[in-house]
Enquirer: 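First, the structure itself, so that you have it in front of you.
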Amino acid sequence: MPARSHVAPHGQAAGSHAESPQPPMPRRSDACGVSHVQQPEGEPEQMATKTAPKTFASLVADEEAEVMKTAPALAEEATAAKALISTREEEHEDAQDHLSGVLGSFKRGNDTHTAADLAEARAAVERAALLVEGQKAKANRLAKDAPNIDKSLSTLAAEAVAKVVPYAAEVIPSFIRPAEAPENLAAGPIVVITQDGKAVDKGGILTAGITIRSFRLPHFQQIDKRDMVREFDARGWTMRFEPVQSTDRQEGFIVDVIRVQQLSAYASVPVITKEPTERDVNAVIGSLSIEMVKAFPILREMAGGLTVSPGGGVSGPDMSARPESKRFTVKTNGDTRTVIVEAEYKVQSNTPNFPIEAVRAAAGKGAQAMVDKFFPGVGVVEKVSHFDMQTDNPQNVGVRVVLSSTTA
């Protein structure tokens, strides 16, 4: 008889033996006669698990993570392109100098250079000029292509915005604009604050543009930009332009947008990476003089303007305060920096027949008005106190100002 070929079942190699069929799982019937598979004795019953839906904050974080995968390389490429501009400019200057040398040689009657040398020198200048122009365009293009990954200012703004949202809301600082709107807004609005570019840091003051997007259901009240402006003002923050607010009605929800073109803000304990300079500290001295003179209550309705001297002294119609000596020390403990500014003032009344006690009282009251003020490059004033001076002259007042910041 002819040999029979054997075809293995799908997934089984030819010539192999099929596994013995498994016995069926035992079944049982319940009281209603419905048959159920009975779990073998000793094996735990498998429970179905549900994955909790991601919060919108985690979805935004996922989008940020995707951007971060390529952002460092793009930023490095943009930085390298910008750095090359100066090299191209130097090459252009060298080419111009060489051409000038060739032309000068001809004008002196020297025929050392040929016509080909002259053509080559001119071509080199044109080439170098085009390379400068092209490198600048390339650097600008790469800078625009490199995504912003800084959210330092939007993080600061989130704390302030959270205080003026009419209802409990999730406020998310970010450097991206979310690709999609939140799915679940029943629990309350979701606010995303997008920082529009890398913040410029000047002595602890961060400056950049931000866009605030509030996603809400129609029955929730929108953020009032006037409340936001008041909150920013209370923190000593400034805006170069008036914020612009708009409303976009989508299917089933509303998006309120507040655009702040340029916000300058600082943390309650600002991050200042550089050591303070004498120029930075002079701003503290000058402000202290102004506050002391402003606090003098005599003839307030007749008071005119204040005269500020280069050394930090201030004089008004009623009183003057002049620092006769000043010094500052810096102490660092980990990331915490403390700057102690001490100044010895001479204070006096510019109005006859007023006791020096009133002048000293004004100096003390004005000095306390410095608390919580921020000084770029130095920090925020924590406390103000007086120290004794080695003199019996009541016009001499010693003031100590303590400012704090962090280095990272």
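Any value given below was found using the heavy atoms of this structure, including those in side chains, with hydrogens, waters and symmetry copies removed. Just so it is clear, the model here is predicted, and its values are computed rather than measured.
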Enquirer: Testing the basics here: between Val314 and Val293, what is the closest heavy-atom pair and its distance to 0.1 Å?
Expert: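 Smallest heavy-atom distance, with atoms named: O-CG2, 3.7 Å.
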
Enquirer: Taking the side chain as everything from C-beta on, heavy atoms only, tell me whether His92 gets closer than 4.5 Å to Val125.
Expert: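 They are in contact (side-chain heavy atoms under 4.5 Å apart), so the answer is yes.
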
Enquirer: So, do Val381 and Phe375 sit near enough that their side-chain heavy atoms are less than 4.5 Å apart?
Expert: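 In short, these two side chains touch, coming nearer than 4.5 Å.
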
Enquirer: Are a donor atom and an acceptor atom from the side chains of Gln222 and Ser214 found within less than 3.5 Å of each other?
Expert: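 Distance-only check fails for Gln222 and Ser214.
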
Enquirer: Can a donor-acceptor pair be found between the side chains of Asp97 and Ser100 at a distance below 3.5 Å?
Expert: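 The criterion, which ignores hydrogens and geometry beyond distance, is not satisfied for Ser100 and Asp97.
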
Enquirer: Taking C-beta and beyond as the side chain, do Val347 and Met319 meet within less than 4.5 Å on heavy atoms?
Expert: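 Result yes, sub-4.5 Å side-chain heavy-atom pair found.
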
Enquirer: Does a side chain donor of either Lys326 or Asn282 reach within less than 3.5 Å of an acceptor in the other side chain?
Expert: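 The answer is yes; a qualifying pair exists.
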
Enquirer: Quick check: does any side chain N or O of Tyr266 sit under 3.5 Å from a backbone N or O of Arg235, one acting as donor and the other as acceptor?
Expert: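 Checking the backbone N and O of Arg235 against the side chain of Tyr266, a donor-acceptor pair under 3.5 Å is found.
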
Enquirer: Do the non-hydrogen side-chain atoms of Ile356 and Gln395 ever get within less than 4.5 Å of each other?
Expert: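 Answer yes - side chains close enough.
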
Enquirer: If the threshold is 4.0 Å, N to carboxylate O, is there a salt bridge linking Glu159 and Lys163?
Expert: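 Looking at Lys163 together with Glu159, the answer is no, because their closest N to O distance does not fall below 4.0 Å.
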
Enquirer: Check the pair Val284 / Met370 against side chain to side chain contact (heavy atoms under 4.5 Å, CB included), numbers first and verdict last.
Expert: CA-CA 9 Å; Val284 180; Met370 293 279 288; 4.1 Å; yes

Enquirer: Of all the heavy-atom pairs spanning His113 and Phe106, show the shortest one and how long it is.
Expert: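 For His113 and Phe106, the tightest heavy-atom pair comes out as O-CE2, 3.2 Å.
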
Enquirer: Here's a test for you: under side-chain contact (heavy atoms from CB on, under 4.5 Å), which of His386, Glu344, Glu342 qualifies with Val399?
Expert: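 With Val399 as partner, side-chain contact (heavy atoms from CB on, under 4.5 Å) holds for just one option, His386.
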
Enquirer: Salt-bridged, Glu91 to Arg88, with N to O below 4.0 Å?
Expert: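 Yes.
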
Enquirer: Between Thr194 and Ile176, what is the shortest heavy-atom contact and its length?
Expert: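 So the two residues come closest at OG1-O, 2.8 Å.
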
Enquirer: What are the two closest non-hydrogen atoms of His219 and Tyr167, and how far apart are they?
Expert: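 The answer is O-OH, 4.4 Å.
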
Enquirer: Can you tell me if Ser154 uses its side chain to pair, donor with acceptor, with the backbone of Ser174 under 3.5 Å?
Expert: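 Looks like yes, one N/O pair under 3.5 Å.
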
Enquirer: Would you compute the distance between atom CZ of Arg337 and atom CG of Leu403 and round it to the nearest 0.5 angstrom?
Expert: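 Here the interatomic distance stands at 11.5 Å.
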
Enquirer: Against Asp256, only a single residue in Gln245, Arg213, Arg216, Lys225 fulfils side-chain hydrogen bond (donor to acceptor under 3.5 Å, both in side chains); can you say which?
Expert: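 The passing option is Arg216.
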
Enquirer: Does a side-chain heavy-atom distance below 4.5 Å link Leu118 with Leu99?
Expert: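 Side-chain contact under 4.5 Å: yes.
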
Enquirer: For Thr273 versus Thr407, what's the shortest heavy-atom pair and its separation?
Expert: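 That would be CG2-O, 3.8 Å.
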
Enquirer: Is any side-chain heavy atom of Glu231 less than 4.5 Å from a side-chain heavy atom of Met228?
Expert: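 Not touching, per the 4.5 Å side-chain cut-off.
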
Enquirer: Would you find a donor on one side and an acceptor on the other, under 3.5 Å apart, between the side chain of Thr79 and the backbone of Ala75?
Expert: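 Looks like yes, one N/O pair under 3.5 Å.
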
Enquirer: Do the side chain of Ser404 and the main chain of Thr338 share a donor and acceptor less than 3.5 angstrom apart?
Expert: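 No: the side chain of Ser404 does not pair with the backbone of Thr338.
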
Enquirer: Throw together a table of side-chain donor-acceptor distances under 3.5 angstrom for residues 128-140, partners on residues two or more places apart or in other chains.
Expert:
from   : atom 1 : to     : atom 2 : distance (Å)
Gln135 : NE2    : Ala81  : O      : 3.0
Asn140 : ND2    : Lys136 : O      : 3.2

Enquirer: Do the side chains of Arg322 and Ser309 get nearer than 4.5 Å, heavy atoms only?
Expert: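 Not touching, per the 4.5 Å side-chain cut-off.
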
Enquirer: Looking at CD of Glu170 and CG of Leu185, how far apart are the two atoms once the value is rounded to the nearest 0.5 Å?
Expert: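 Answer rounded to 0.5 Å: 10.5 Å.
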
Enquirer: Can you name the nearest heavy-atom pair linking Ile205 to Pro376, along with the distance?
Expert: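 The answer is CD1-CG, 3.6 Å.
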
Enquirer: Does Asp227 come within less than 4.0 Å of Arg230, counting only side-chain N to carboxylate O?
Expert: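 Salt bridge between Asp227 and Arg230, a charged N being under 4.0 Å from a carboxylate O: yes.
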
Enquirer: Once ring pair (Phe, Tyr, Trp, His ring centres under 6.0 Å) is applied, do any residues pair with Phe232, and if so which ones, sequence neighbours excluded?
Expert: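 Checked Phe232 against ring pair (Phe, Tyr, Trp, His ring centres under 6.0 Å); matches are Trp237.
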
Enquirer: Going by distance alone, is a donor N or O of one side chain under 3.5 Å from an acceptor N or O of the other, for Gln195 and Asn148?
Expert: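 There is no such pair between these side chains.
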
Enquirer: Evaluate salt bridge (Lys or Arg N to Asp or Glu O under 4.0 Å) for Lys294 paired with Glu291, printing each intermediate quantity in order.
Expert: CA-CA 5 Å; Lys294 282 169 56 179; Glu291 292 299 336; 3.8 Å; yes

